[in-house]
Amino acid sequence: MSRSPNSACTGPGAITPDGCSVELYALVPARDEPGIIDAAAPRNASILELGCGAGRVTHPLLALGHSVVAVDESPEMLAHVRGARTVAARIDGLELAELFDVVVLASHLVNVPDDDLLAAFLATCASHVARRAAF
């Protein structure tokens, strides 16, 4: 992913390809996101979290009983993730051989200013979500 002036940041330690300080991002706590995802997901859902960072949402989702596959392009971010299967990869073009009950694309990724990149992100989401009847 290219660096965006809206998402780039600085700080100590390793810097991710999109410009974030791993050390600082690892300190950011989850807010309402895990509860919102949990309320919308089936019980004990399989969740693909795209752009998981250091696991601020991943860890609470695991604690709520979900299984999570955490994807991030930064191995330094993924080193902070515990209890989930991790995949070091870009989101655009990701091809895993499985489908998930829920696919999460959060943070600044849903507001990426590059329309082609956003379309690629959404295609990755669509190609990994299990098709289910509406509930």
Side-chain angles (χ1 to χ4, degrees):
M1 177 183 341
S2 62
R3 288 182 71 159
S4 164
N6 295 330
S7 64
C9 56
T10 61
I15 302 295
T16 64
D18 64 348
C20 293
S21 164
V22 174
E23 193 173 317
L24 291 179
Y25 202 80
L27 298 174
V28 176
R31 296 185 66 180
D32 298 335
E33 303 96 335
I36 292 167
I37 295 165
D38 181 60
R43 184 181 174 125
N44 300 318
S46 61
I47 298 176
L48 175 62
E49 185 184 1
L50 300 170
C52 68
R56 71 178 187 85
V57 173
T58 308
H59 297 132
L61 289 173
L62 291 166
L64 290 165
H66 302 290
S67 63
V68 180
V69 173
V71 176
D72 203 281
E73 71 176 324
S74 169
E76 294 88 358
M77 286 284 199
L78 290 174
H80 292 272
V81 176
R82 302 285 182 257
R85 189 174 105 218
T86 59
V87 176
R90 290 175 54 100
I91 297 167
D92 51 323
L94 179 70
E95 293 181 19
L96 300 177
E98 59 199 290
L99 299 177
F100 299 85
D101 297 318
V102 174
V103 176
V104 175
L105 178 70
S107 190
H108 72 278
L109 300 172
V110 296
N111 295 312
V112 67
D114 180 329
D115 289 342
D116 292 335
L117 187 56
L118 180 58
F121 286 173
L122 295 175
T124 296
C125 292
S127 70
H128 289 90
V129 70
R131 309 293 188 237
R132 295 186 181 258
F135 50 93

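Each residue takes its place number in the sequence, starting with 1.
One distance of note links CZ of R56 with NE2 of H80; it measures 14.5 Å at 0.5 Å rounding. Between the CG atom of D92 and the CG atom of L118 there is a distance of 11.0 Å, given to the nearest 0.5 Å.
Taking the side chain to side chain donor-acceptor pair (under 3.5 Å) definition, one finds that S46 meets it with D101, sequence neighbours left out. Residues passing the salt bridge (charged side-chain N to carboxylate O under 4.0 Å, His left out) test with E95: none are found, sequence neighbours excluded. The side chain to side chain donor-acceptor pair (under 3.5 Å) test applied to T124 returns no partner, not counting sequence neighbours. Residues that satisfy the side-chain contact (heavy atoms from CB on, under 4.5 Å) test with A88, not counting sequence neighbours, are L78.
Contact check for C52 versus V104: no side-chain heavy atoms found under the 4.5 Å cut-off. With a 4.5 Å cut-off on side-chain heavy atoms, F100 and V129 do not count as touching.
The hydrophobic cluster containing I91 does not contain I47, counting ILVMFWY residues as joined when their side-chain heavy atoms lie under 4.5 angstrom apart, directly or transitively. Both V103 and L117 belong to a single network of hydrophobic side chains, linked directly or stepwise wherever heavy atoms of I, L, V, M, F, W or Y lie under 4.5 Å apart.
Contact between S127 and L99 at its shortest, heavy atoms only, is O-CD2, 3.4 Å. Contact record, A89 with V71: O-CG1, 3.7 Å, taken as the closest heavy-atom pair.
Among V102, L96, L105, the one residue that satisfies the side chain to side chain contact (heavy atoms under 4.5 Å, CB included) test with L48 is L96.
Taking Ile, Leu, Val, Met, Phe, Trp and Tyr as members and joining any whose side-chain heavy atoms lie under 4.5 Å apart, directly or through other members, the hydrophobic cluster of V22 also contains Y25, M77.
With hydrogens and angles left out, the side-chain atoms of S74 and E76 include a donor and acceptor closer than 3.5 Å.
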Donor-acceptor pairs are to be reported for all side-chain atoms of residues 57-68 against protein atoms at under 3.5 Å, with residues two or more places apart or in another chain.
residue	atom	partner	partner atom	Å
T58	OG1	E49	OE1	2.3
H59	ND1	G55	O	2.9
H59	NE2	R82	N	2.9
H66	ND1	A45	N	3.0
H66	NE2	D38	OD1	2.6

